[in-house]
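Only one structure is covered here, and it is reproduced in the block below.
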Amino acid sequence: MEPVICLKNIVIRQGENFTLTIDDLQLLPHRIYVLTGPNGAGKSTLLRALALLMLPQQGTIRFPAAAAETPARQRQKITLVEQSPYLLQGTVSDNLAFGLKLRGIRGKEQQMRIRSALEMVGLDGFEPRKADKLSGGEVQRVALARALALQPDVLLLDEPTGNIDSKSLHAFEILLSRLPEFGVTVVLSTHDLSQPARLGGEMIRIENGRLLDRPHWASEPGDLKQTEKKLWLNPLNVQGR
Ligand code: ADP
């Protein structure tokens with residue numbers, strides 16, 4: 001299977017004292033990769049590099065399937081959701097429409113993408129809600145829907161469950177575990193060492209700017225029970241189980 005992203009001989013310096021060094025890392029399509037490691041290990045730096053928001057001082061980051069595209073077009077295939085996502089003032093719909101408009105997606109196609117992205121994250125009918133009246137968990141899910149509406153090949157999530165309360169965590173993890181079925185390759189960071197297994201993801205351990213080992217499966221993909229997965233369309237249904 002052809003990798004979706006290849007990193008080779010990467011060196012990225014941040015400030016005076018930190019260097020991220022990756023000799024070889026290949027991410028395969030339609031999988032979930034979970035970056036784990038202590039604070040300051042380099043998880044966010046790696047995510048920003050994968051989002052092409054930071055250029056390495058040395059080495060190459062390649063997207064084999066999009067090799068012929070311009071850097072701007074390649075960047076559109078990747079979406080990064082920051083740890084504390086910022087929502088624009090206005091409605092949930094305004095927030096999802098913004099990035100779509102920038103890509104020239106308007107009218108019915110825009111409405112359809114907004115509706116289906118909100119359904120995917122269990123926020124059906126949230127289009128007219130005011131962004132500044134949402135709970136922390138809802139903000140996180142709107143940010144995820146905003147990214148999904150762009151239909152990226154690669155979705156990068158920086159600590160997506162960091163601000164999710166424990167009651168909503170299980171539902172949110174089910175949602176994350178389903179994303180590869182929609183053709184998305186997911187790379188997310190977490191402090192929670194048990195999360196890779198729950199997500200059926202491949203763990204990438206990082207410490208002091210270095211990968212500790214080659215990525216390995218924390219468990220067989222699909223660790224969450226099938227019966228629970230069926231509830232993904234409305235993850236709130238599984239709260240309190
Ligand atoms: P993690 O996400 O694992 O907590 P980061 O990638 O955020 O780690 O940070 C890795 C290192 O890079 C830390 O030592 C941090 O202080 C440093 N760093 C991050 N951003 C910057 C910056 N803009 N300027 C200087 N140093 C930075």
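Read the numbers this way: they start at 1 and go in the same order the structure lists the ligands and their atoms. Atoms considered below: every heavy atom in the structure, side chains included; atoms not considered: hydrogens, waters and symmetry mates.
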Throw together a table of side-chain donor-acceptor distances under 3.5 angstrom for residues 100-109, partners on residues two or more places apart or in other chains.
unit_1	atom_1	unit_2	atom_2	d
Arg103	NH2	Gln76	O	3.4
Glu109	OE2	Arg113	NE	2.9
Glu109	OE2	Arg113	NH2	3.3

Indicate every side-chain donor-acceptor pair of residues 49-74 with a distance under 3.5 Å to a residue at least two apart or in another chain.
unit_1	atom_1	unit_2	atom_2	d
Gln57	OE1	Arg13	N	2.6
Thr70	OG1	Arg73	N	3.2
Gln74	NE2	Ala66	O	2.8

Salt-bridge contact Glu138-Arg141 (side-chain N to carboxylate O under 4.0 Å): no
Contact check: Arg48 vs ligand 1, nitrogen or oxygen atoms, below 3.5 angstrom: no
Ligand 1 contact on Pro38 by region, counting heavy-atom pairs under 4.0 Å: backbone
Is_contact(atom 16 (O) of ligand 1), protein non-hydrogen, under 4.0 Å: no
Donor + acceptor pair across side chains of Glu159, Ser189 (<3.5 Å): no
For Asn39, the ligand 1 atoms whose distance to one of its heavy atoms is below 4.0 Å: 4 (O)
Under 4.0 Å to a heavy atom of Ala41 - the qualifying atoms of ligand 1, by number: 1 (P), 3 (O), 8 (O)
Atom 8 (O) of ligand 1: the protein heavy-atom neighbour that sits closest, reported with distance to 0.1 Å: Gly42 N, 3.2 Å
Residues Asp192 and Arg198 bridged, charged N to O under 4.0 Å: yes
Atom 19 (C) of ligand 1 [closest protein heavy-atom partner, distance rounded to 0.1 Å]: Gln14 NE2, 3.7 Å
Protein contact to atom 7 (O) of ligand 1 [nearest heavy atom, distance to 0.1 Å]: Ser44 CB, 3.6 Å
Residue from Leu47, Leu35, Val81 passing side chain to side chain contact (heavy atoms under 4.5 Å, CB included) with Asp158: Leu47
Close-contact set for ligand 1 against Lys43 heavy atoms, below 4.0 Å: 1 (P), 2 (O), 3 (O), 4 (O), 6 (O), 8 (O)
Working for side-chain hydrogen bond (donor to acceptor under 3.5 Å, both in side chains), residues Glu127 and Thr91: CA-CA 7 Å; Glu127 285 92 335; Thr91 64; over 6 Å; no
Protein residue, atom and distance nearest to atom 6 (O) of ligand 1, heavy-atom basis: Thr45 OG1, 2.5 Å
Leu20 and Ile22, any side-chain heavy atoms less than 4.5 Å apart: yes
Nearest protein heavy atom with distance in Å, relative to atom 4 (O) of ligand 1: Gly40 N, 2.8 Å
Protein heavy-atom partner closest to atom 11 (C) of ligand 1 - residue, atom, separation in Å: Phe18 CG, 3.3 Å
